[in-house]
Amino acid sequence: MAILQQLAQALADQTIEIVDLTHTLETRIPVIQLPAEFRQSAPFKIEEISRFDERGPLWYWNNFSCGEHTGTHFDAPIHWITGKDYPDGATDTIAVQKFMAPACVIDVSDRVRDDEDYLLTIADVEQWEAKHGRIPEGSWVLMRTGWSTRQYTDAFLNHKADGGHSPGPDSQLPLWLANERNVIGWGTEPVGTDAGQAHALAKPFPCHHDMHGSNKFGLSSLANLHLLPPTGSVLITPPLKIKQGSGSPCRVLALVEKNARQR
Ligand code: MN
């Protein structure tokens, strides 16, 4: 009781701030494009039902539709073939305790500025740990790249003749994070948790393959990672409770102690 009262007080006096890591869902939000032989995810669509008019004089509301993996969103383990059999791996079956967890933020914006296909390595994480300490068990690992500033432009999907180009983890990192650090998941700024060219890696789609294969989660299209400290924030990430959902758009929030923001 005392802890919750302290939390409520800290939120009221903004000793703890709430940072929104979510892009706005609107029709121009970019949706991942797969090679033409595969079925595509539908774009975000919104249609007014009524707005204080003859269709409904006192009320305003909309119908909307989109794919589960649209905008800032949560990837559940059953999204990938390696995680398909986890009974607690769908949006409706994941334990709700897992929707609040601490975050570590690894900033490689400078490297991504020079190389838009930059792949984060185990060595990069170990270098980060030498400065900030070992990644605590059950943490999110968030790759900060500055990519979110490209949102709503062609540079976000960054499609070229050979597909999308965006940063992500290399082939080895996701399994290492799952096994050696027991993280809760991996989060990133581009359209998906894996790099744009991840289909061409020695191990294709390593984040999807190994994170979901280890019953761990993904967050993608995150915004405002520059407002988080390297350690010490807590994320709130509940997806919509879709029956056997593989993921869902998600309002991702971070609790951050005042004056802990990254500069
Ligand atoms: Mn996804």
Side-chain angles (χ1 to χ4, degrees), residues 21-26 29-35 38-45 64-84 86 88-94 98-99 101 103 119-120 140-145 147-148 150-152 156-159 163-169 173-174 177-178 183-199 201 203-223 225 235-252:
L21 304 185
T22 320
H23 287 290
T24 304
L25 275 176
E26 51 181 289
I29 197 109
V31 173
I32 198 165
Q33 292 168 25
L34 304 187
F38 301 118
R39 196 159 176 212
Q40 306 292 326
S41 178
F44 180 80
K45 205 171 121 190
F64 74 87
S65 61
C66 63
E68 290 172 330
H69 298 255
T70 301
T72 303
H73 71 274
F74 185 100
D75 285 5
I78 68 159
H79 177 44
W80 214 250
I81 190 163
T82 48
K84 69 184 178 61
Y86 285 113
D88 59 345
T91 53
D92 61 324
T93 60
I94 295 168
K98 294 186 173 179
F99 298 142
L119 300 177
L120 197 76
W140 286 100
V141 175
L142 308 181
M143 183 178 179
R144 177 182 161 195
T145 56
W147 204 264
S148 66
R150 298 171 175 233
Q151 185 58 277
Y152 307 119
F156 187 76
L157 294 179
N158 203 25
H159 255 272
H165 285 262
S166 55
L173 180 62
L177 287 173
V183 301
I184 198 163
W186 166 266
T188 189
E189 293 178 57
V191 72
T193 53
D194 269 306
Q197 290 289 299
H199 60 276
L201 294 176
K203 177 195 282 183
F205 307 109
C207 186
H208 287 81
H209 187 276
D210 289 331
M211 279 289 159
H212 300 329
S214 307
N215 203 13
K216 297 179 184 306
F217 313 139
L219 288 171
S220 50
S221 298
L222 293 169
L225 293 187
L235 299 196
I236 305 173
T237 64
L240 295 176
K241 197 173 179 180
I242 300 168
K243 189 166 181 76
Q244 283 296 292
S246 75
S248 106
C250 187
R251 187 74 183 258
V252 179

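Counting starts at 1 for both ligands and their atoms, in listed order. Bear in mind that the values here come from a model prediction, so they are computed numbers and not experimental data. For reference, positions follow the sequence shown, starting with 1.
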Does any non-hydrogen side-chain atom of Met143 lie less than 4.5 Å from one of Glu189? no

Are the side chains of Ser148 and His23 in contact, using a 4.5 Å heavy-atom criterion? yes

Matching residue for Trp140 among Val183, Val252, Leu222, Ile184 - test: side chain to side chain contact (heavy atoms under 4.5 Å, CB included): Ile184

Please determine whether His73 has a backbone or side-chain N, O or S atom lying under 2.8 Å from the Mn ion (ligand 1). yes

As a test of reading the structure, name the N/O/S atom of Asp75 that is nearest the Mn ion (ligand 1). OD1

The Mn ion (ligand 1) to His69: nearest N/O/S atom name: ND1

Give a yes or no on whether Ile242 atom CD1 has more than 12 heavy-atom contacts from other residues, nucleotides or ligands under 6.0 Å away. yes

